[in-house]
2 protein chains.
Amino acid sequence: MKTTQFTIGQLAQRAKCKVETVHYYEKSGLMPEPPRTEGGHRLYALSDVKRLNFIRRCRELGFSIKQIKDLLKFIDEPNHYCGEVKAMATLQARDIQQKINDLQRLQSGLNEMIIQCKGEGFTIDNCPIIDALYIVDEPLIK
Amino acid sequence: MKTTQFTIGQLAQRAKCKVETVHYYEKSGLMPEPPRTEGGHRLYALSDVKRLNFIRRCRELGFSIKQIKDLLKFIDEPNHYCGEVKAMATLQARDIQQKINDLQRLQSGLNEMIIQCKGEGFTIDNCPIIDALYIVDEPLIK
DNA sequence: CTTGAACCTGTAGTTACTATAGGTTGTATA
DNA sequence: TATACAACCTATAGTAACTACAGGTTCAAG
């Protein structure tokens, strides 16, 4: 019975993250404590690669460590349903959309300022970007 | 000669941020150390409101504390030009656009998973969201 | 005078990593 | 077998940008 085993460096490489991050995820409770060699080195299996990949992808999608813990609980424990995952994913998609909207609003405002800025040769006193931001009240642009 | 003066709480309220944040910005070098009352309370002027507003708006636009320091140096010191501000703003706009693109890519992927998920009644073993994320290699969706 | 809000400084905590330091283990090579 | 070096270990501190807390002081109103 020969199960593929990885060192932590190999695991990290396969999941495209850092060794320290694996340590961190273990300490945070996302990754289980693995068996060790006699010398104390961690030994991982292919399932750990999958789990770490899952964590990384969830992070990329903006799920917090806490949320990922919840998702992993759905996977690890019986009596959980796809519906629970879908609910979390739907909220997350909403969150991402909100962020996109916010960034687009900021982008518009910033581009407006950039367009009005003639750039070369003008002093800061005449800079429309500074003029738009360095004021007491809210900018009048809408 | 009566110049309007604000306590730190009033300043924070007018600039829509917290007192602790003002402390933090002072320590970080963004806000100057203001004059004090005999009792040691900080006293601010209208120009400080403008400055703090500037800092807040720059933060909203995603400029880092370090970048804001640079921008404030342009404002505070002579011999700086609008072009320098425009250059920073342009890079920032590019950065924001990149973030929008990234988020939209993630959003697409996530929505794809959500659509495929029938939700109610299915166990985790049959969840397309988990199936897409909990794998060794990269997802095949493009 | 009393009371309570607002202020002060300094320190620690939050989130999610990331770096560093000092020591041990494992492997390859001579 | 000895050596050298990469990879591993644990523990602690640092990063960025705040935010909270603790204990004490000041200020203003009743």
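Values in this document were obtained by computation on a predicted structure and should not be read as measured data. The figures that follow rest on heavy atoms only: side chains count, while hydrogens, waters and symmetry mates do not. Order of the sequence lines sets the chain letters (A, B, ...), proteins ahead of strands, with each chain counted from 1.
Residue order along DNA chain D, read from the 5' end via each residue's closest nucleotide, puts A:V19 first among A:V19 and B:R59. Mapped onto DNA chain D by nearest heavy atom, B:K66 and B:G39 fall at different nucleotides, with B:K66 at the one closer to the 5' end.
Rounded to whole angstrom, the span from the CD atom of A:E20 across to the P atom of C:dT18 amounts to 8 Å. Note: CD (B:E60) to C1' (D:dA17) measures 14 Å, nearest angstrom. The distance from atom CD1 of B:I55 to atom P of D:dC18 is 10 Å, rounded to the nearest whole Å. Computed from coordinates, the B:F6 CZ to C:dC7 P distance equals 13 Å when rounded to whole Å. For the pair A:K69 NZ and C:dA16 P, the computed distance is 10 Å after rounding to whole Å. One atom, CG of B:L11, and another, C1' of C:dA6, lie 14 Å apart when rounded to the nearest Å. Between the P atom of C:dT14 and the NZ atom of A:K27 lies a distance of 12 Å, rounded to the nearest Å. Rounding to whole angstrom units, CZ of residue B:F63 and C1' of D:dA17 are separated by 17 Å.
Checking C:dC8, C:dT18, D:dT19 against every side-chain atom of A:Y24, the shortest atom distance belongs to C:dT18. Which of C:dG26, D:dA17, D:dT19 sits closest to the side chain of B:I65 comes down to D:dA17.
Remark: A:K18 NZ to A:H23 NE2 distance equals 12.0 Å, nearest 0.5 Å. Interatomic distance, CZ of B:R42 versus CD1 of B:I8, reported as 5.0 Å (0.5 Å rounding).
No path of Ile, Leu, Val, Met, Phe, Trp and Tyr side chains, each step under 4.5 Å between heavy atoms, connects B:L72 with B:L91, placing them in separate hydrophobic clusters.
Proximity of A:R42 to the phosphate of D:dC8: no side-chain N or O atom is located under 4.0 Å from OP1 or OP2. Not one side-chain nitrogen or oxygen of A:T37 sits closer than 4.0 Å to the OP1 or OP2 atom of C:dT25. Close to C:dC7, at under 4.0 Å from its OP1 or OP2, lies a side-chain N or O of B:T7. A sub-4.0 Å separation between OP1 or OP2 of C:dT18 and a side-chain N or O of A:T21 is present. Here A:R36 reaches the OP1 or OP2 of D:dT10: one of its side-chain N or O atoms lies under 4.0 Å away. At C:dC17, one or more side-chain N or O atoms of A:Y25 fall inside 4.0 Å of OP1 or OP2 (strictly under the cut-off). At the phosphate of C:dG26, neither OP1 nor OP2 sits under 4.0 Å from any side-chain N or O atom of A:H41. Within the 4.0 Å cut-off from OP1 or OP2 of C:dA19, at least one side-chain nitrogen or oxygen of A:K18 is found.
When ring centroids are compared, A:Y134 and B:F54 come within the 6.0 Å threshold.
No donor-acceptor pair closer than 3.5 Å links the side chain of B:Q116 to the backbone N or O of B:I129.
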